[in-house]
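Written out below as structure tokens is the structure these notes cover.
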Amino acid sequence: DAFVQRVWEWVDEYGTRIRAQLQKIGCSCDWERDRFTLDEGLSGAVREVFVRLYEKDLIYRANYIINWCPRCQTALSNEEVEHKDLSGHLYHLNYPLADGSGRHVTVATTRPETMLGDTAVAVHPEDERHSDLVGLNVELPLTGRTIPVIADEYVDPEFGSGVVKVTPAHDPNDFEIGRRHDLPEIDVMNGDATLSAGAPEAYRGLDRFEARKRVLADLENEGLLESTESHEHSVGHCYRCHTVIEPRLSLQWFVKMKPLAEPALEAYRDGRLRFHPARFGNIYENWMVNVRDWCISRQLWWGHRIPVWYCRNADCGDPIVSREDPAECPKCGGGLRQDEDVLDTWFSSWLWPFSTLGWPDETEDLKAFYPTHTLVTDPGILFFWVARMVMSGIEFMGDIPFTDVLLNGVVRDSTGRRMSKSLGNGIDPLAVVDQFGADAMRYRLIASSGLGTDLQLDHEDIENAFRVGRNFGNKIWNAVRFALPYLEGWDGTLPETDAPCLADRWILSRFNRAVLEITDYFERFRLQDAADAAYHFIWDDFCDWYLELSKHRLRGDAGEEARAAAAGTLGTVLDGWLRLLHPIMPFITEELASHLPKAVVRDTLVMGPWPAASAKLADAEADQAFDELREFVSSVRNMRAEYKVDPGRGVPVVLTGVSGPLQTGLEHEGAGVRTLARLTEIQYADSVPEEPGAQAVLRGGTQVFLALEGLVDLSKERERIEAEHERVKSFLAQTRAKLENKKFTAGAPPEVVDREREKLHSLVEREALLVEKRGALSRSP
RNA sequence: GGGCGAGUAGCUCAGCUGGUCUAGAGCGCCUGCCUUACAAGCAGGAGGUCGCUGGUUCGAAUCCAGUUUCGCCCACCA
């Protein structure tokens, strides 16, 4: 509660400050330029990290071509740029040679306005077509400038004319070429992408797209626009305001990434760091290998100020990087000016695994919770966040922050688009929580997205999307509510009995298997399978069969010893199962567990132990007997439904050739079975009665006869038996063909062959019985 | 341009190391039930040539190759 209180105070405080700030500057949009500083919370750690990296020479300031959003007027990192395929134009421009020969070279560009900043044209050094040009000059149209022809390996002779215009201040590759050849860098644009004083006077002040039209028109007038062709290419856009970005030469702060990436890559390669699903490891590795320096300065009004100061006295010296705000210049005592820029938000996020625990102080929390085990996150921020947390963890804590990274799927709408606020196709989680409950939402999300796969939900039909979770919550709520009265006085143990009843043996065996399965699924991050296993255990096995069969014992109808045994089993299974489900539906399981007898639940589920499997509970005999019991009940129910027997009406059944497991099952659970199938009695006979009735043959060979005088239509019964016979026949044919194939019996593993033989054996028996029945029916009137 | 994922019932998804798969679940659909935990439930049922083509194998939804559709990530080709 104290923590939540603190969070709300923080939100209030900063919310108020943000609103005040926005009002002050009359801002209705988030790209207006102003700033305020986060001077609390984690900024101490952020500043510490900046200073340490700077001292290790891992932070530097440099002029470089960065991605620039002219609308936000800030630098963007590569990850903040989204590329969209657009159909645009490729323009071919002619630049006349300056030797008066009348010859020209042709260059291609998608951004003609940048030609105003060209400072060379380049050809490949081994391109024989153009080797005579190298060293000559060309006249740069519209500018009155003359620029050289240079040779550089970067140029691809296969592409276009093999001649490239070089604009060092407006293109990253050209920038590199310019540095290699010591070319001037002419910046022709302002921060808002209007043409600057670097451009000829005629274009100054024009917006970049306006300038593009003007340049093209002017070139056309001079006969220097060779041609225009349509061109598909991908164009970078700002991830926030979707404006086309402009590569821009500017002075920014960078983090050197190679030295940080190497140990982070090593951690993955030697297996200390694992990704689920594993394929994300390749993506991580690829990024780490090709990592580029990280531009961390942003020209925004929101964020941590860069802890760098400059002396107002120009020429005084290096920037001052400091943990404390310096009052004056340590060299000359002059006034200082702090760097205007703030840090990229990820520069604080990458410290999250330790900065939130009090770092750089050596706190108890830090000792207890660093490193942790699993990070669960969206695959979209693998580079932004995950990779960088690994790097900072190794750099500042000496160890990776977590060993396992679980990348969950993305929720999409019914047409497959990612849900987002701007598309308006999202689902408000709080509305879902209101209508269906937090657990219902959580269950649905976990249960329908397999490891590494996305999930589609229809945002226009929330009912359909989330009712599964709500219904499941209701089901277990009702089941526990039903069970609670029978658990009064239960001491939390499983009673020792000489002759435990079959249903108890079976549900315990089944529960034991559920513990093993679900534990295994969680350990392998197969959350969907864990949810599915928990769901079917409680709904199908526990509610539909175990509870129904145990009601009479729980009421005490079978005596005190049987009641206590049933109650103990009921409690043991429920208590353990609530723990298994707890990670998936934390609230409802915690609530329900709190109603179990105090002797059992001493602590909350979230703090309590995970259920342990016990080999003693595994019971193959009970499993098989129960399976056959279930098949028997189902077959009776099916026949009753086929012949539309009044649900309230009990009927007798006659069994012939009862299999061993079913015999065992009926001896122990006959009373319960009669209730489930609405049977008045279960008779055993050596042969099937001659009178008309509904018949079935179970997998174990048991023949079931339901005397339904007056209800059974012989032709319908013939059809039923016929259909059943056809199914068994085709299955039998397949099995037989397999076993007659020498290559199969020789090549397949012995246990597979044995299994097929057993299958064949029981199928042969069933088929014979069905043939006999079919014959009998066709002889009947 | 490079890399990756997905395509299985009307819908949303499972099916992991090829053989209990005669391919499952939930929702939806059809039939019958208000059976004292639960009608947001119970019981029964219908519904699929596993995107397409070829290959490997005794055996393929599963492995391989090709192909097609959708989606994602990465990338400086003017």
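Throughout, protein chains are lettered first and strands after them, A, B, ... in sequence-line order, and every chain is numbered starting at 1.
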>> Requiring both pairing distances under 3.5 angstrom, list the stems that contain RNA chain B and are made of three or more consecutive Watson-Crick or G-U pairs.
In response: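 As far as RNA chain B goes, consecutive pairing (with distances under 3.5 Å) yields the stems B:1-7 with B:68-74, B:10-13 with B:24-27, B:29-33 with B:41-45, B:51-55 with B:63-67.
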> Among residues 468-477 of chain A, which contact RNA chain B at a heavy-atom distance under 4.0 Å?
Replying inline: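 Here the set is A/Val468, A/Arg470, A/Asn471, A/Asn474, A/Lys475.
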Within the 4.0 Å heavy-atom criterion, would you say [X] contacts the bases, only the backbone, or no part of the nucleic acid?
X: A/Arg755; value: base
X: A/Pro749; value: base
X: A/Thr745; value: nothing
X: A/Arg412; value: sugar-phosphate

Less than 3.5 Å apart, any donor N or O on the side chain of [X] or [Y] sitting next to an acceptor on the other?
X: A/Arg766; Y: A/Ser762; value: no
X: A/His725; Y: A/Glu767; value: yes
X: A/Asn282; Y: A/Arg279; value: no
X: A/Tyr95; Y: A/Asp118; value: yes

> Between atom CG in A/Leu547 and atom P in B/C38, what is the gap in whole Å?
Replying inline: 12 Å
>> Without decimals, in angstroms, what is the distance between A/Phe436 CZ and B/G26 P?
In response: 19 Å
> What about A/Asn173, does its side chain sit under 3.5 Å from the base of B/C76 through a donor-acceptor pair?
Replying inline: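 Check passes, donor-acceptor contact within cut-off.
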> Which pairs with one or both residues in residues 453-476 of chain A pass side chain to side chain donor-acceptor pair (under 3.5 Å), sequence neighbours excluded?
Replying inline: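 Non-adjacent pairs meeting side chain to side chain donor-acceptor pair (under 3.5 Å): A/Arg412-A/Asp454, A/Glu463-A/Arg467, A/Glu463-A/Arg470, A/Asn464-A/Arg467.
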> Which value, in whole Å, describes the distance between the C1' atoms of nucleotides B/A9 and B/C50?
Replying inline: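 That atom pair is separated by 11 Å.
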> Which of parallel (below 30°), tilted (30 to 60°) and perpendicular (above 60°) describes A/Phe626 and A/Trp545?
Replying inline: perpendicular
> Which residue, A/Thr453 or A/Trp539, contacts RNA chain B at a nucleotide closer to its 5' end, judged by nearest heavy atom?
Replying inline: A/Thr453
> Do A/Arg649 and A/Arg678 pass the side-chain contact (heavy atoms from CB on, under 4.5 Å) test, and can you show the C-alpha distance, the side-chain angles, and the key distance before you say yes or no?
Replying inline: CA-CA 7 Å; A/Arg649 180 178 156 200; A/Arg678 286 273 169 162; over 6 Å; no
>> As an exercise, state the distance from CZ of A/Arg640 to CG of A/Leu706, rounded to the nearest 0.5 Å.
In response: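 So the CZ of A/Arg640 and the CG of A/Leu706 are separated by 7.5 Å.
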